[in-house]
Amino acid sequence: MTDLSLTIHPEAAGDAQAIERLHERTFGPGRFVLSAYRIREHVDHLLELSFTAHIGTLLVGSVRQLPILIGETPALMLGPLTVEPPFRSRGVGRLLMERALKDAKEKGHRLVLLVGDEPYYSRVGFKRVDKGRITMPGPVDAARILVFELVDGAFAGVSGPVGPDWSKARAG
């Protein structure tokens, strides 16, 4: 950010509606059929590891993380990450990601997974997962499954299906 006064805050429960409207504008209705959204259906994201970006009182970006399992290995799924179109290419998404990863590491998490564009996410250290090493519900382009080790070697030997961490599932 060069000329904008940006603040990053942990997501608060009261941010949910504004974030959902942001997702509607940036991802559209097709977002609900994506693999990553299927995982999010029954497990809430972690507010303490999800963040919003504001310029003044205007919400301009959001990133969320939720608890998942890769096989039997606990991990986090980063996403969705989105920034209002007029504020893209100004470093907002990168700042949100960096804060989310830093706080996840500080809270003892070891591994973060996402589905996204490797050229964008590799800039902060995400790496492509070898095809077939993990599987996700529904169709997903294997080249878009990326992982970030918060602890060196955390992904060694990890494989299997990706799903919600049911121990964190919401009631009802």
Side-chain angles (χ1 to χ4, degrees), residues 1-32 34-37 39-41 43-68 74-129 140-141 143-152 154-155 162 164-165 168 170:
M1 299 299 300
T2 53
D3 56 345
L4 301 174
S5 178
L6 183 77
T7 56
I8 306 286
H9 300 285
E11 182 180 330
D15 295 328
Q17 287 184 340
I19 292 170
E20 182 55 31
R21 287 191 303 272
L22 175 61
H23 291 169
E24 287 173 12
R25 287 190 300 277
T26 57
F27 296 121
R31 69 191 181 280
F32 296 112
L34 300 173
S35 241
Y37 272 87
I39 294 167
R40 295 180 188 116
E41 287 178 338
V43 177
D44 287 328
H45 61 283
L46 303 170
L47 285 177
E48 70 273 12
L49 294 176
S50 300
F51 298 90
T52 57
H54 296 263
I55 296 174
T57 60
L58 178 66
L59 175 78
V60 297
S62 168
V63 65
R64 289 177 164 170
Q65 296 189 93
L66 72 143
I68 62 167
L76 295 171
M77 176 173 273
L78 188 140
L81 167 68
T82 190
V83 176
E84 288 282 9
F87 299 97
R88 291 183 182 163
S89 299
R90 296 175 183 243
V92 176
R94 184 178 187 129
L95 289 171
L96 282 165
M97 239 188 320
E98 288 173 348
R99 174 69 185 272
L101 295 171
K102 177 181 93 49
D103 280 35
K105 183 174 183 166
E106 288 174 358
K107 291 188 180 350
H109 295 276
R110 300 173 48 83
L111 197 57
V112 179
L113 184 83
L114 65 76
V115 178
D117 295 324
E118 185 181 18
Y120 179 78
Y121 291 101
S122 66
R123 295 184 290 177
V124 295
F126 278 90
K127 296 180 179 159
R128 185 182 302 184
V129 173
V140 65
D141 179 354
R144 294 175 51 82
I145 301 173
L146 309 175
V147 67
F148 184 92
E149 292 180 319
L150 296 167
V151 174
D152 287 343
F155 194 53
V162 175
D165 183 342
K168 311 278 194 282
R170 62 181 170 261

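Just so we're clear, the structure is a prediction, and the values are computed from it rather than from any experiment.
Of all the heavy atoms in L46 and P67, the pair that sits closest is CG-CD, 3.8 Å. Considering every non-hydrogen atom in both P164 and V43, the closest pair reads CB-CG2, 3.2 Å.
Note: S50 OG to L81 CG = 11.0 Å, rounded to the nearest 0.5 Å. A distance of 10.5 Å separates CG of L114 from OH of Y120, quoted to the nearest 0.5 Å. Residue H109 holds its NE2 atom at 14.0 Å from CZ of F148, rounded to the nearest 0.5 Å. To the nearest 0.5 Å, atom CG of residue L49 and atom NZ of residue K105 are 14.5 Å apart.
Qualifying side-chain contact (heavy atoms from CB on, under 4.5 Å) partners for E149, counting only residues two or more places apart in sequence or in other chains: L111, A154, F155. With sequence neighbours left out, the ring pair (Phe, Tyr, Trp, His ring centres under 6.0 Å) criterion links F51 to no other residue. Residues satisfying the side-chain contact (heavy atoms from CB on, under 4.5 Å) criterion with H54, sequence neighbours excluded, are T7, H9, T52, L59. Every residue meeting the side-chain contact (heavy atoms from CB on, under 4.5 Å) condition with D141, not counting sequence neighbours, appears here in chain and number order: A143, R144. Shown here are the salt bridge (Lys or Arg N to Asp or Glu O under 4.0 Å) partners of E118, two or more places apart in sequence or in another chain: R128. For the side-chain contact (heavy atoms from CB on, under 4.5 Å) test, no residue two or more places apart in sequence or in another chain qualifies with K127.
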* **Stepwise side-chain contact (heavy atoms from CB on, under 4.5 Å) test for L78 and L146** => CA-CA 10 Å; L78 188 140; L146 309 175; over 6 Å; no
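When each of D165, V112, L113 is checked for a side chain to side chain contact (heavy atoms under 4.5 Å, CB included) with M77, only L113 meets the rule.
Between the side chain of Q65 and the backbone N or O of L76 there is no donor-acceptor pair closer than 3.5 Å.
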N/O donor to acceptor pairs below 3.5 angstrom from side-chain atoms of residues 96-104, sequence neighbours left out:
residue: E98; atom: OE2; partner: R94; partner atom: NE; Å: 2.9
residue: R99; atom: NE; partner: D103; partner atom: OD1; Å: 3.2
residue: R99; atom: NE; partner: D103; partner atom: OD2; Å: 3.4
residue: K102; atom: NZ; partner: E106; partner atom: OE2; Å: 3.3

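The aromatic rings of F126 and Y121 stand perpendicular to each other, their planes meeting at an angle above 60°, with 30° marking the opposite boundary.
The closest side-chain heavy-atom distance from P10 to L47 is not below 4.5 Å.
Between the side chains of E11 and H45, a donor-acceptor pair is found at a separation under 3.5 Å.
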